[in-house]
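First up is the structure itself, then whatever we jot down about it.
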Protein chains: 2
Amino acid sequence: MSGEDNLLRLVEAEEADENNYHLQDQVGFILRKAHQRHVSIFASHIADLTPPQFAALAKLYDIGETSQNQLGTLIAMDAATVKGVIDRLKARGLVEVSKHEVDKRRLLVNLTPEGREAIERLIPLARAITEETLAPLTTKEAATFLRLLAKLA
Amino acid sequence: MSGEDNLLRLVEAEEADENNYHLQDQVGFILRKAHQRHVSIFASHIADLTPPQFAALAKLYDIGETSQNQLGTLIAMDAATVKGVIDRLKARGLVEVSKHEVDKRRLLVNLTPEGREAIERLIPLARAITEETLAPLTTKEAATFLRLLAKLA
DNA sequence: CTGATATCATTTGCATACGAATGAATTTGA
DNA sequence: TCAAATTCATTCGTATGCAAATGATATCAG
C-alpha cells in the first residue's frame, strides 16, 4: 500500500466522521436519557408524587406561602404547567389556595398540615433518590458533574 | 463568647444544613432545567420539528428501515410514545410505514425522500444546537461533562 | 403438535410542558 | 390622571412520556 493510499484513507475517514451524525453522542439526547433515568429512580422511591409535584411541595416548605406565579418561577415551570400541578396537589389536600388581599390578581398557595407532613416524610427519600441517581459516579465525579450541569441549567 | 458557644453554633449549623433541603441543589431538579434549556435552544434553531421527532429521523437516516419498536428502543422511547411521534411524522410525509412480510406483528418505518432531504438539511443545525447548549462550558469542561453525563444516562 | 409464553403494536388515562390567546387587575409614564 | 404597558392567572391546543390493558402474532417447551 502506498503512502498516497494511506493519506486518502485518512482524508476519507475524516470526511466520514464529519458527515456522520451520531445521535447517541449529542448532549441533548443524552440529557433526555439521563432525565428519564432520574424520573424512573424517583418513581421507584416515591410512587404517589411526581418530581414536579414534589418540587412544588419542597419549595413551599422552604419559603412558605407564595403566589402561584412566583412558585412557578422558583421551580422552573411556566404558568400553565404550574396551574395543573397545584390543581392536583389541591385536589389531594396537600396545598390550599387563597386570594391575595391587596393584589387581587394573585393566587396565594400554601402547604396544608397534610402537605407539611408529607414533605417532611419525603425529604429523606429524596436524598436517597439523589444518591442513587449519582451512584454511577465517584464522589469527586459527582461534584464535578453537578458544577458543570449547573452551568448549563 | 465561650468555646462551648462556638461548639453549639457549629452543631446547630450542621444540623440546620442536614435538615435543610435545597431543591435547587438536587441533581434531578438541575437535570430537568438543563433539559428544558436544551429544548428551548433546539426550538430556536429548528422550529418545525421537536427533538424526539428529529431523533427519529436522524436514527432512520443512520440505520435505514426498521420496526417501530426497534426504533423506539434506539431513541429511548416506549412503544406508546414512539407511535405518536411516527404518526405525526407520517402525517407530514417525512416517514412511511409498511408491514413486515414475514413477521406480521411488525410495522416497518422508513424515511421518505422528503424525510431524507429534511434530515440532511437539519443535521448542520443540530450541530449548532449542540454547540450552543454546551457554550457555557470550555471545550475541556464539555468533554468532561459529556463523559460523566453518559455514565448517568 | 399445542398450550404457555413472549413480542409487537395499539389504545386509554394521566401528568408534564409550552406557545398563544384572553381577561382581570395593577403599575407606569407622559 | 389616565391611557398604555405590564403582570397574574386561566384556557386551549399540541406534543411528549409512561403505566396498564388488550389483541394479534410468533416462539418455545413438553
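What you see is a predicted model; the values in this text were computed from it and never measured.
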Original post:
With sugar-phosphate meaning primed atoms plus P, OP1 and OP2, does B:V109 contact a base, only sugar-phosphate, or nothing at under 4.0 Å between heavy atoms?
Top reply: nothing

Original post:
Base, sugar-phosphate, or nothing for B:V82, non-hydrogen atoms under 4.0 angstrom?
Top reply: nothing

[N] [atom2] sits how many Å from [X] [atom1], rounded?
{"X": "B:Q70", "N": "C:dA9", "atom1": "CD", "atom2": "C1'", "result": "14 Å"}
{"X": "A:D103", "N": "D:dT7", "atom1": "CG", "atom2": "P", "result": "12 Å"}
{"X": "A:I41", "N": "D:dC18", "atom1": "CD1", "atom2": "P", "result": "13 Å"}
{"X": "B:I75", "N": "D:dG17", "atom1": "CD1", "atom2": "P", "result": "9 Å"}
{"X": "A:E101", "N": "C:dA25", "atom1": "CD", "atom2": "P", "result": "15 Å"}
{"X": "A:L71", "N": "D:dC8", "atom1": "CG", "atom2": "C1'", "result": "14 Å"}
{"X": "A:F29", "N": "D:dT16", "atom1": "CZ", "atom2": "P", "result": "14 Å"}

**OP:** Quick one, give me the B/S/- string for nucleotides 11-19 of chain C, reading 5' to 3', where B means a protein heavy atom under 4.0 Å from the base and S means that only happens at the primed atoms, P, OP1 or OP2.
**Re:** B---SBBBB

Each nucleotide N or O in nucleotides 2-7 of chain C that has a protein N or O under 3.5 Å away: list the pair and distance.
residue	atom	partner	partner atom	Å
C:dT7	O2	B:R105	NH1	2.8

**OP:** For B:Q36 and A:A76, indicate whether the former's side chain and the latter's backbone hold a donor-acceptor pair under 3.5 Å.
**Re:** yes

**OP:** For the pair A:Q53 (side chain) and A:T50 (backbone), establish whether a donor and an acceptor sit closer than 3.5 Å, ignoring hydrogens and angles.
**Re:** yes

**OP:** Any chance you could pull the hydrophobic cluster mates of A:I63, using side-chain heavy atoms under 4.5 angstrom and chaining through other members?
**Re:** A:L74

**OP:** Run through the side-chain heavy atoms of Ile, Leu, Val, Met, Phe, Trp and Tyr, join any pair under 4.5 Å, and report what else lands in B:V102's cluster.
**Re:** none

Show which side-chain atoms of residues 128-135 of chain B pair as donor or acceptor with protein atoms under 3.5 Å away, not counting sequence neighbours.
residue	atom	partner	partner atom	Å
B:T130	OG1	A:Q26	OE1	2.7
B:T130	OG1	B:A126	O	3.4
B:E132	OE1	B:H45	NE2	2.6
B:T133	OG1	B:H38	ND1	3.1
B:T133	OG1	B:I129	O	2.8

**OP:** Give the minimum heavy-atom separation between A:F29 and A:L23, together with the two atoms involved.
**Re:** CB-O, 3.4 Å

Original post:
Distance from B:H100 atom NE2 to B:D103 atom CG, nearest 0.5 Å?
Top reply: 6.0 Å

**OP:** For the helix from C:dC1-D:dG30 to C:dA30-D:dT1, figure out the bend between the end axes, five pairs an end, and round to 10 degrees.
**Re:** 20°

